[in-house]
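Have a look at the structure below, then the notes.
Numbers for residues simply follow the sequence, beginning at 1. All ligand and atom numbering here is 1-based and tracks the order in the structure. Because the structure is a prediction, the values reported are computed rather than measured.
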Amino acid sequence: MENPKLNAEAASKTITELTGIESVDMALTLGSGWAKAADLAGEELANIDASEVPGFHKTSVSGHTGKLRIMQLESGKKALVVGARTHLYEGHGVDSVAHGVLVSAAMGAKIMVLTNGAGGINEKWIAGQPVLISDHINLTASSPLKGANFVDLTDLYSSRIRKLALEVDPSLDSGVYVQFPGPHYETPAEVMMAKSIGGDIVGMSTAIEAIAARAAGMEVFGMSLITNLAAGIQKTPLSHQEVIDAGKMAEPKIAKLLAEIVNRL
Ligand code: 8IG
C-alpha cells in the first residue's frame, strides 16, 4: 500500500476489465443490517469477488473478502456496492480502511453512501431504528489523509441528501456519530463522555471513511442502524448476537428505505 490513490486507480481498472463497466455514479458501503438494500434498489449488472481486485483484505472472521457489485438503479444511475469493508481494528492500517472509498472515487462515483450498525446513546432511540448521521467526532486518533491536506469537513454529511432522505421518511431522527477504534465496545464511562461531548451514536467504521470520501471530492451520506443501545445506556451487557438479531429484524424496512433514498440521488 504505497500510494493509496494509485492503488485505487489500479483496482478501478481491474473492476472495469472484469465487468466491462467503465464508471459508476455513486457507491454504497452496506454495513450490518443493510445488505438487502442493494437488491431492492435495482438490477445487478456485475458481481465479482473482491479478492480478484487489488487492495481488498480478507476479513479475519470468515476468510472471505466479500463482493463488489454494480447495480443499475431504477433511477437509471449506476451504483458500486462495496461489500468488502475493512475496519481500523483489523490492523491493516487506515489506507486499507479508505480503499473501498478511494476505489469508488476512482470509478467516478460522485456520491458515497456509508451505512453501519452502531450503538445508540440517545435515550429516545430503540434497537432496530435507522438514523441519519449529521456529523461525526473522530476519536480514533487516525486520519486517512497524509501530509498537508487540510480538507474542509463542514457539511461533511451532505445536508442536501439528508433533506432528500427526510422526504422519503420524515420520521427519521439524526445524530452525531462518534467513532471509537474498537474492537471492544465502550465502557459506560466512555459512553457518558461521548454523550457529554455531543455524541448520539457510537461506532467503529464510518468517520474515517467519510473523511477519505470528502477528500476524494465525493458528497457523503451516512446512516446508522441502531442495533443496540450503548454500554450503560442499556442495562444489560452488549452481545454480538443481539446486534445480528436487531439487524435481521430491521433489514426489510431499512433496505426499502435506503433503496428509495438512493433512487433519488
Ligand atoms: I453494531 O455499541 C455496534 N457497533 N463503538 N459501540 C461501538 N460500535 C458498535 C456498537 C457499540 N454497536
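- In this structure, the side chains of Asp49 and Leu68 stay at 4.5 Å or more apart for every pair of heavy atoms.
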**Request:** For Ile208 and Ser142, run side-chain contact (heavy atoms from CB on, under 4.5 Å): C-alpha distance rounded to whole Å, both residues' side-chain angles, the deciding distance at 0.1 Å, then the answer.
**Result:** CA-CA 8 Å; Ile208 298 279; Ser142 300; 4.0 Å; yes
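- In this structure, the side chains of Ile201 and Val176 stay at 4.5 Å or more apart for every pair of heavy atoms.
- Residues that satisfy the salt bridge (Lys or Arg N to Asp or Glu O under 4.0 Å) test with Glu74, not counting sequence neighbours, are absent from this structure.
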Show me the short polar-atom pairs for ligand 1: any N or O of it lying under 3.5 Å from a protein N or O, with distances only.
| from | atom 1 | to | atom 2 | distance (Å) |
| --- | --- | --- | --- | --- |
| ligand 1 | 2 (O) | Asn228 | ND2 | 2.9 |
| ligand 1 | 5 (N) | Glu186 | OE1 | 3.4 |
| ligand 1 | 5 (N) | Glu186 | OE2 | 2.4 |
| ligand 1 | 6 (N) | Glu186 | OE1 | 2.8 |
| ligand 1 | 12 (N) | Gly119 | N | 3.4 |
| ligand 1 | 12 (N) | Asn228 | OD1 | 2.7 |

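- Within the hydrophobic cluster formed by Ile, Leu, Val, Met, Phe, Trp and Tyr side chains joined at under 4.5 Å, directly or through other members, Leu6 stands alone, with no partner residue.
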Just list the side-chain donor-acceptor pairs under 3.5 Å for residues 34-41, sequence neighbours left out, or say none.
| from | atom 1 | to | atom 2 | distance (Å) |
| --- | --- | --- | --- | --- |
| Trp34 | NE1 | Asn116 | O | 2.9 |
| Asp39 | OD1 | Arg69 | NH1 | 3.1 |
| Asp39 | OD1 | Arg69 | NH2 | 2.7 |

